[in-house]
Amino acid sequence: MSDFQEIERKWQQRWEDAEAFTVETDTSATKFYNLEMFPYPSGYGLHMGHIRNYAIGDAIARYKRLQGYNVLYPMGWDAFGLPAENAAIKHDIYPAEHTYNAIAQLKSSMERIGLSYDWSREIATCDPAYYKWNQWLFLQLYKNGLIYRDTATINWCPSCHTVLANEQVEQGQCWRCDSEIEMQKLEQWFVKTTAYADELVDDLEHIDWPERIKAMQRNWIGRSEGTVVIFPIVDTAAQLDVFTTRIDTIFGCTYVAIAPDHPLIETAQEQTDKQTAQKIRQFAETALKEQRFEKETTDKQGMFTGLYARNPATQEAIPIYVANFVLGTYGSGAIMAVPAHDERDFAFATAYDLPIRQVISQEGESQEPLQESYTGYGTLVQSGQFSGQESVTAIDTITDWLAEQNLAYHSVQYKLKDWLISRQRYWGTPIPAIYCDRCGIVLVPEEQLPVELPDDVSFTGEGNPLETSETFIKTTCPHCGQSAQRETDTMDTFFDSSWYFLRYCDPHNTQQPFDTDISNHWLPVDQYIGGAEHAVMHLLYARFFTKALRDLGYLSFSEPFQRLFNQGVVHKDGVSMSKSKGNVISQEHIEEQFGIDTGRLYLVSVASPEKDIEWDDSDIKGTYRSLKKLYSLADKPTTHQNDDKTLSKQHKAIADVTEYMEQFQLNKAVNTVLSFVDYLYNLETVPLPAAEAAALLANPFAPHASEELWEKLGNTPFASLQQWPSCLSEYIDPTYEAEDLFIETVYRDIREVSKLVQKYSHIKIIVAAEWRHALYRQIVSIGRQDDLIQQLMAHEQFRQHHDFTVKAAQRYQDNPGAIPTTLIGQKREQQVLEREKARIADTFGATVSLCKEEDAESKKKERAEPMKPAIVLR
RNA sequence: GCAGGGGUAGCCAAGUGGUCAACGGCGCAGGGUUUAGGACCCUGUCUCACAGGAGUUCGCCGGUUCGAAUCCGGUCCCCUGCACCA
C-alpha cells in the first residue's frame with residue numbers, strides 16, 4: 001500500500017463518518033442537481049473508463065458544492081437485467097443474490113475513488129420498494145391511454161429469449177448479444193411514445209445537449225412533413241393513399257408502387273386470373289421476407305398488379321406496382337413514383353420501361369429525354385395550370401388545389417414507433433396484469449402492489465422462468481374473484497431508468513414514487529453525465545416519461561436533463577477498455593502504484609472530457625510527479641504574507657480555473673491548478689493563503705490530497721466543504737494596506753478590476769507590462785475607456801512600450817457598441833506604426849510616441865525575472 | 001445518401017483575430033543527484049545562427065484583414081450515428 005493510498009483511505013473514512021456529503025432538500029438554497037447515469041452492477045471491478053466518468057462527475061459536484069450550491073449528487077443501481085439472470089442459469093445463483101453481491105462490490109469501489117455521493121439516497125431498481133412504483137406508474141400510464149396492449153410484428157431475440165424494442169435493435173441485431181433478430185407476430189404491451197413525437201423533437205431546441213445526440217434523436221423520431229394524396233383506383237370504389245414530401249412533382253407521377261404487405265394486394269388478386277394472382281402473392285411474400293431479414297434490398301424489383309390508379313392531377317390512369325423496396329411500416333405503405341425527379345424511381349422506370357416525364361426544370365423549359373433524374377427544386381413544366389411556378393411554392397398551391405377536391409391533405413409522418421416494453425424474462429419488474437377467463441385482462445389494483453418476483457422459479461435457460469412459478473402465476477381475479485393467471489412478462493429495464501432521477505429527490509417515500517413539490521424543486525437535472533450509447537434509448541424514454549408525468553399532473557417541468565455531457569471512451573491498444581477485451585487497467589493497480597488521486601487527475605487532465613483517450617502507462621507518471629508536488633506543499637516553510645507576484649498568480653489561477661470549470665473544460669482547469677502548484681513548489685517559502693487556495697482549487701480533482709494539505713496547513717477539515725476561493729474584488733480585504741496590488745489577472749478579468757477600482761479607491765492598482773494591451777482592449781470593450789484610457793495614456797511607460805493598432809480604435813469610434821477585436825502588434829512595420837500613431841492621437845486626443853524596443857533585454861530574461869509594475873491607476 | 005464531429009510539431013493534445021514558434025504530457029538528447037535496476041531534479045527538443053536574431057510551419061488551394069492555426073469560400077481525407085423514410 002502506498003503512502004498516498006493510506007492517506008486516501010483515511011479521508012474516505014472521515015468523510016463517511018461525518019456524513020460530509022449528505023444533502024437536505026432546502027427550497028431556499030440554490031440547488032444544483034448533478035447526476036451520472038446509474039450503472040448496471042456487473043460484478044466486475046472498475047477500470048479507467050469508469051473512473052474517468054466518475055471523476056468527471058465528482059469534479060463538477062465538488063466544484064458546485066464549494067461554490068455554495070446545495071448539490072444533489074446521488075448514486076444508485078440499475079439492477080434489473082439479463083446478465084444477472086444468465087448468471088443464475090450458468091452458476092446456479094439467484095439473480096437477487098448475484099446482483100446484491102455486485103452492488104456491494106461496486107459501491108466499495110466507488111468509495112475507494114473518493115466520490116462525494118450522498119449515499120443516504122442510494123436506490124436499487126430491483127428493490128420491491130422501488131419497482132412497486134414502476135408498477136404504479138404503469139397503471140397510471142395505462143389509465144391515461146399511454147400504455148396499451150396490441151398485436152404487432154415484433155423483434156424477437158432468439159438468444160435472449162425475449163422481444164426487444166425497436167431502439168434495442170441495431171442493424172438487425174440484438175443490442176446486447178448481436179444475435180440476428182427474428183420477426184414474430186405477438187400480443188405485447190406498448191408505451192405510446194408516439195403521442196409525444198412532436199414535443200420530443202421540438203423541445204430539443206431548449207436543452208443544452210451535444211448536437212450529435214440531438215441529431216440522433218431527431219433522426220430517430222424522423223418527423224417528415226408532406227402531403228397525403230388520394231389516388232382513386234380505376235374501375236373500383238377503392239382508393240390508394242400515398243404520402244409524399246414532393247407533391248410539386250405530381251404531374252410527373254407515371255406509376256405508383258405499394259408495399260408487399262399492402263392490403264390492396266388482396267384486391268389485385270381478386271381482380272385477376274388465378275395464375276397471375278399466384279405470381280403476385282409469391283412476389284409479395286418473397287419481398288416481405290427480404291424486407292424483414294435483410295438490411296436493404298440490393299435489387300429493386302417490382303411487379304404489375306393489374307390495377308390502375310388515376311393520377312388526381314393529370315387524370316391519367318397509371319399502373320400500380322408492388323415493389324420490394326416500399327415499406328409497409330412507413331407513411332401509408334405506398335409511394336407515388338416520379339421517375340424524372342427521383343433516382344430510384346428513375347432506375348425502376350428504366351428497368352420496367354415506364355414513362356419518364358419531366359415536370360421540373362432548372363432552365364424553365366422541358367429538356368426531354370432525361371439522361372438522369374433531377375431531384376432538386378426548380379420551375380414547373382408540363383404541369384397544367386401550375387407550369388411556370390417555382391416548385392417550392394407549388395408544394396403549397398398544389399396541395400391546396402387537390403385539397404379543395406378532397407384529393408389531398410397536409411400530413412406529418414414519423415419514423416418513431418411505440419415502445420414495446422414486454423420482456424419474457426425473470427429479472428425485471430413484473431407487469432401488474434392478470435388474465436381472467438371471464439373478465440379478460442385486468443390490471444392489479446394499486447393497493448395490491450407490489451407484485452413481487454417469486455423465489456420458487458427454476459432457471460433452465462429455456463423460456464421465461466416466471467412461468468415455472470406456481471405461486472406466482474396462480475392468483476384470483478380482482479374483479480370477479482375467480483381464479484386467474486398473472487402476466488408473466490416483465491418490463492423492459494429502461495422503464496426503471498425512465499424516472500429514477502425523480503426517486504433520488506425523495507428516495508424513502510412509501511406513499512408515492514416521488515413528491516411533486518420536491519421533484520419540482522430539484523429537477524431538471526442541471527448536469528447529466530453518461531455515455532452516448534443511450535442516445536435513442538434511455539434518453540428518449542426519460543424525456544417521454546417526464547412529459548407524460550407532467551401532463552398527468554405530477555410534474556411541472558418538461559425536460560428531465562437540462563444539460564447533457566457525453567464523456568469520451570478510454571482506449572488501450574486502440575480499442576475501448578473493457579473486461580471482455582482483456583485490456584483493462586484496474587482501479588486496484590492505480591491505487592497501489594500511484595494512489596487514486598493520481599488516476600483521477602490524469603484521466604481528467606489528459607484531454608477534453610468528451611474526447612476519447614488512449615491510455616499510456618508512462619503518461620501517468622508525469623501526473624504522479626505533479627501530485628507529489630501538491631502533497632509536498634504542506635512540508636515547505638510557509639509565510640502569512642502573500643507577495644504581489646504570488647497574489648497575482650493566485651488570482652489568475654482562480655479566475656482561470658473558475659472559467660474553465662464553467663465551460664466544462666476540466667482538462668484545462670486541472671492543468672491550471674497543477675501549474676499553480678508547480679509555481680508554489682518552486683518558491684523558497686510558500687505564502688499560506690496561496691497554498692490554501694491551491695488546496696481548494698485541487699479539491700474537485702484530487703480531493704484526498706486537497707484535504708490532507710488543507711489540514712496540514714493548519715485548517716479544520718473539510719476542505720471539501722469550504723468556500724471556493726474568490727478572485728480579486730471579493731478576495732481583497734478593504735483594509736488591505738499594501739502599497740501596490742500587482743495584477744496580472746486583469747487579462748481575463750477586467751470587469752473585476754473596474755469593480756475593484758470603484759470599490760477600493762485607496763488601493764493603487766498596478767498592471768503588469770505584459771498585460772497592458774489586453775487591459776486596454778478590454779477597457780475599451782466594456783465602455784470604461786474615457787477615464788481609464790486617459791489615465792493609461794498619461795502614463796509615460798505605457799506610451800513608450802507599446803505600439804498600437806488603430807483599427808480597433810476606429811471601429812470603436814464608428815460603432816461604440818462593438819467590441820473591438822484588435823490592438824497591439826509588436827512587430828509592426830514602420831509605416832503602419834506611423835499611421836496608427838496618428839490614429840491613436842486622433843481618437844483619444846493623446847500624444848503617442850512609438851519606440852521599438854531596442855534595449856538588449858532578451859525576451860527570455862524578461863520572462864525569467866519578476867515583471868515590473870508599469871502602470872498605476874489612481 | 002442524410003445528419004453530426006474532426007484534420008496542430010516524433011506521438012497524445014491545448015489553442016476560435018495580435019501576450020503564437022504555438023500550454024501541457026509522453027518520447028528523445030544533455031547535465032545533476034542517487035543507484036543493483038529504477039526513481040527524482042534541471043536544461044534542451046521546427047530549420048539556420050555562438051548569440052542578438054532570422055526563416056519556414058497548424059490537411060490542401062484561394063479570399064477577407066495592417067495582422068489568420070483561429071474568420072469566409074472551395075477542395076481532399078478521417079471518424080460517428082441513421083440509413084430502402086417516399
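Here is how names work: the chains are called A, B, and so on, in the same order as the sequence lines, proteins then strands, and each is numbered from 1.
Here A:Arg344 lies in heavy-atom contact (under 4.0 Å) with a base. Using a 4.0 Å heavy-atom distance criterion, A:Val326 is classed as a base contact. A:Gln413 comes within 4.0 angstrom of no nucleic acid atom, judged by non-hydrogen atoms across all strands. Across all strands shown, A:Lys611 has heavy atoms under 4.0 Å from sugar-phosphate atoms exclusively, and none from any base.
The partner of B:G1 is B:C82, judged by Watson-Crick or G-U wobble contacts that both fall below 3.5 Å. Nucleotide B:C58 is matched to nothing when pairs are restricted to Watson-Crick or G-U wobble geometry with both distances under 3.5 angstrom. In a base pair of the Watson-Crick type (N1 to N3 plus N6-O4 or O6-N4) or a G-U wobble (N1-O2 and O6-N3), with each distance short of 3.5 Å, B:C40 is matched with B:G32. Under the Watson-Crick or G-U wobble criterion, with both distances below 3.5 Å, B:G24 is paired with B:C12. In this structure B:A69 sits in no base pair that meets the Watson-Crick or G-U test at under 3.5 Å. Base pairing of B:A49 is not made with any nucleotide, judged by Watson-Crick or G-U wobble geometry with both donor-acceptor distances under 3.5 Å.
Annotation: side chain of A:Thr249 is in contact with side chain of A:Ile360 (closest heavy-atom distance under 4.5 Å). Counting only heavy atoms from C-beta outward, the side chains of A:Gln168 and A:Asn155 never approach each other to under 4.5 Å.
At whole-Å resolution of the value, CD in A:Glu610 and P in B:A13 are 11 Å apart. The CG-P distance, from A:Asn671 to B:C23, rounds to 13 Å in whole Å. With rounding to whole Å, A:Ile620 atom CD1 is found 12 Å from B:G25 atom C1'. Taking atom OH of A:Tyr660 as the reference point, atom C1' of B:A13 lies 14 Å away to the nearest angstrom. Whole-Å rounding puts the A:Asn566 CG to B:U80 P distance at 16 Å. The nearest whole Å value for the distance from the CD atom in A:Gln217 to the P atom in B:A83 is 15 Å. As a whole-Å value, the separation of A:Ile613 CD1 from B:A13 P is 10 Å. In this structure, A:Lys621 atom NZ and B:G24 atom P are separated by 21 Å, rounded to whole Å.
The separation of B:G6 from B:G73, taken at their P atoms, amounts to 16 Å, rounded to a whole angstrom. For the P atoms, the distance linking B:A14 with B:U8 amounts to 11 Å, nearest Å. Only the P atoms considered, B:G10 is 27 Å distant from B:G17, to the nearest whole Å. B:G59 and B:U70 are spaced 8 Å apart, taking the P atom of each and rounding to whole Å. Between B:C61 and B:G4, the distance separating the two C1' atoms is 26 Å to the nearest Å. To the nearest whole angstrom, the two P atoms, one in B:G55 and one in B:A69, are 15 Å apart. Distance noted for atom C1' between B:G27 and B:G63: 40 Å (whole Å). Straight-line distance between the C1' atoms of B:C26 and B:A13: roughly 11 Å, to the nearest whole Å.
Aromatic ring centres of A:Phe4 and A:Tyr631 lie closer together than 6.0 Å. In this structure, A:Tyr352 has its ring center at least 6.0 angstrom away from the ring center of A:Tyr255.
An OP1 or OP2 oxygen of B:G25 is reached within less than 4.0 angstrom by no side-chain nitrogen or oxygen of A:Arg625. For B:G24, neither phosphate oxygen OP1 nor OP2 lies less than 4.0 angstrom from any side-chain nitrogen or oxygen of A:Ser605.
In this structure, the nucleotide among B:A3, B:C84, B:G81 sitting nearest to the side chain of A:Ala215 is B:A3. Candidate nucleotides B:A14, B:A86, B:C85 were compared by shortest atom distance to the side chain of A:Lys415, and B:C85 ranks first. The A:Asn667 side chain lies nearest to B:A14 when the options are B:C84, B:A14, B:A3. When each of B:C84, B:A86, B:G81 is scored by its nearest atom to the side-chain atoms of A:Gln291, the top-ranked nucleotide is B:C84.
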Candidate pair A:Asp241 and A:Tyr409, rule side-chain contact (heavy atoms from CB on, under 4.5 Å), full reasoning: CA-CA 10 Å; A:Asp241 290 2; A:Tyr409 54 91; 4.2 Å; yes
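Each of A:Arg212 and A:Lys629 was assigned the nucleotide of RNA chain B with the nearest heavy atom; the assignment lying further toward the 5' end belongs to A:Arg212. For A:Ala334 and A:Trp220, each mapped to the nucleotide of RNA chain B holding its nearest heavy atom, the one lying further toward the 5' end belongs to A:Trp220.
Shown here for A:Phe701 and A:Ala669, the closest heavy-atom pair between the two residues is CZ-CB, 3.9 Å.
Under the 30°/60° scheme for interplanar angles, the aromatic rings of A:Tyr679 and A:Phe676 are found to lie parallel.
Counting heavy atoms of neighbouring residues, nucleotides and ligands inside a 6.0 Å radius, atom CD of A:Glu343 does not exceed 12 of them.
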